[in-house]
*Asks:* 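The structure that follows is given in the form of structure tokens.
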Amino acid sequence: MLTEQPLLITSIQCKEPGGIIKRRFIDFQGSFGAEGTKALGVVNADTNVGEMTPVTVKGIAIVQTAYPIAVGQAIQVFDDGTAAPHTTGPIEGYAMDAASAAYQYIRILLA
């Protein structure tokens, strides 16, 4: 079982049409994080557009993957707020678990 250890949680208004899904990166404007941009953090609850959503900005968070990821690998945001191995852009954190495919959940230590 994966466990989160949030050290700092804030909130932001969800601006994503259709809402935001728990365990995805969210940007500073309240939408899904996108490749090449810095995320505010990881969403802690499914949230409808217009509602305030809790976001882990420091600590250990659980995120959904977009690709296979190795333990210790640097992580970046991919489209729709999922996690991908770092290639360019800001590093969001480091993988504490491995993912063998997309749409798996791993813990990351937020950077």
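This is a predicted model, so every value here is computed, not measured. All residue numbers refer to positions in the sequence shown, counting from 1.
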*Asks:* Any pair with a residue in residues 102-111 that passes side chain to side chain donor-acceptor pair (under 3.5 Å), sequence neighbours left out, goes on the list, sorted by first then second residue, please.
*Replies:* Asp97-Arg107, Ser100-Gln104

*Asks:* Check the hydrophobic clustering (I, L, V, M, F, W, Y; side-chain heavy atoms under 4.5 Å; chains of links allowed) and say if Val49 and Val43 are grouped together.
*Replies:* no

*Asks:* Grab the two heavy atoms, one from Ala95 and one from Ile108, that are nearest each other, plus how far apart they are.
*Replies:* CA-CG2, 4.2 Å

*Asks:* Evaluate Thr82 against Thr65 for side chain to side chain contact (heavy atoms under 4.5 Å, CB included), listing each step before the verdict.
*Replies:* CA-CA 5 Å; Thr82 53; Thr65 62; over 6 Å; no

*Asks:* Mind checking side chain to side chain contact (heavy atoms under 4.5 Å, CB included) for Ala34 and listing every partner two or more places apart, or none if nothing turns up?
*Replies:* Thr37, Asp79

*Asks:* Ring pair (Phe, Tyr, Trp, His ring centres under 6.0 Å) with Tyr67: which residues, sequence neighbours excluded?
*Replies:* Phe78

*Asks:* Could you tell me the separation between the CD atom of Gln64 and the CG atom of Asp80, rounded to the nearest 0.5 Å?
*Replies:*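 Here the rounded value is 9.5 Å.
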
*Asks:* Which pair of non-hydrogen atoms, one from Gly36 and one from Pro90, has the smallest distance, and what is that distance?
*Replies:*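 Where Gly36 meets Pro90 most closely, the heavy atoms are O-CD, 3.8 Å.
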
*Asks:* Gln73: which residues meet the side chain to side chain donor-acceptor pair (under 3.5 Å) condition with it, sequence neighbours left out?
*Replies:*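 Gln73 satisfies side chain to side chain donor-acceptor pair (under 3.5 Å) with no other residue.
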
*Asks:* Does the side chain of Glu92 reach to within under 4.5 Å of the side chain of Lys38, using non-hydrogen atoms?
*Replies:*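 Contact flag for Glu92/Lys38 side chains = yes.
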
*Asks:* Which heavy atom in Tyr94 sits nearest to a heavy atom in Ala111, and how many Å separate them?
*Replies:* CE1-CB, 4.3 Å

*Asks:* Quick one: do Val77 and Val63 end up in the same hydrophobic cluster if we chain Ile, Leu, Val, Met, Phe, Trp and Tyr together by side-chain heavy atoms under 4.5 Å apart?
*Replies:* yes

*Asks:* Checking Leu109 now: which residues fulfil side chain to side chain contact (heavy atoms under 4.5 Å, CB included) with it, not counting sequence neighbours?
*Replies:*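 Leu109 satisfies side chain to side chain contact (heavy atoms under 4.5 Å, CB included) with Ile60, Met96 only.
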
*Asks:* Between the main-chain N or O of Val42 and the side-chain N or O of Arg24, is there a donor-acceptor pair closer than 3.5 Å?
*Replies:*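 No, Arg24 side chain to Val42 backbone: no donor-acceptor pair under 3.5 Å.
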
*Asks:* Please answer whether the main-chain N or O of Glu51 pairs with a side-chain N or O of Asn48 as donor and acceptor at a distance below 3.5 Å.
*Replies:*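 Side chain of Asn48 to backbone of Glu51, a donor-acceptor pair under 3.5 Å: no, none is there.
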
*Asks:* If you take all heavy atoms of Ile75 and Ala83, which pair is closest and at what distance?
*Replies:*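 Heavy-atom minimum between the residues: CG2-CB, 3.7 Å.
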
*Asks:* Taking atom NZ of Lys58 and atom CG of Leu8, what is their separation to the nearest 0.5 Å?
*Replies:*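 Going from the NZ atom of Lys58 to the CG atom of Leu8 covers 7.0 Å.
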
*Asks:* Can I get a per-line list of side-chain donor-acceptor pairs under 3.5 Å for residues 11-22, giving both atom names and the distance, sequence neighbours left out?
*Replies:*
residue	atom	partner	partner atom	Å
Gln13	NE2	Gly50	O	3.0
Glu16	OE1	Phe32	N	3.1

*Asks:* Give a yes or no on whether Ile62 and Val55 share a hydrophobic cluster (residues Ile, Leu, Val, Met, Phe, Trp, Tyr; joining criterion: side-chain heavy atoms under 4.5 Å apart).
*Replies:* no

*Asks:* Under a single-linkage definition using a 4.5 Å side-chain heavy-atom cutoff for Ile, Leu, Val, Met, Phe, Trp and Tyr, are Leu110 and Leu40 assigned to the same hydrophobic cluster?
*Replies:* no

*Asks:* Please give me the minimum heavy-atom distance between Leu7 and Gly59, naming the atom from each residue.
*Replies:* CG-CA, 3.8 Å

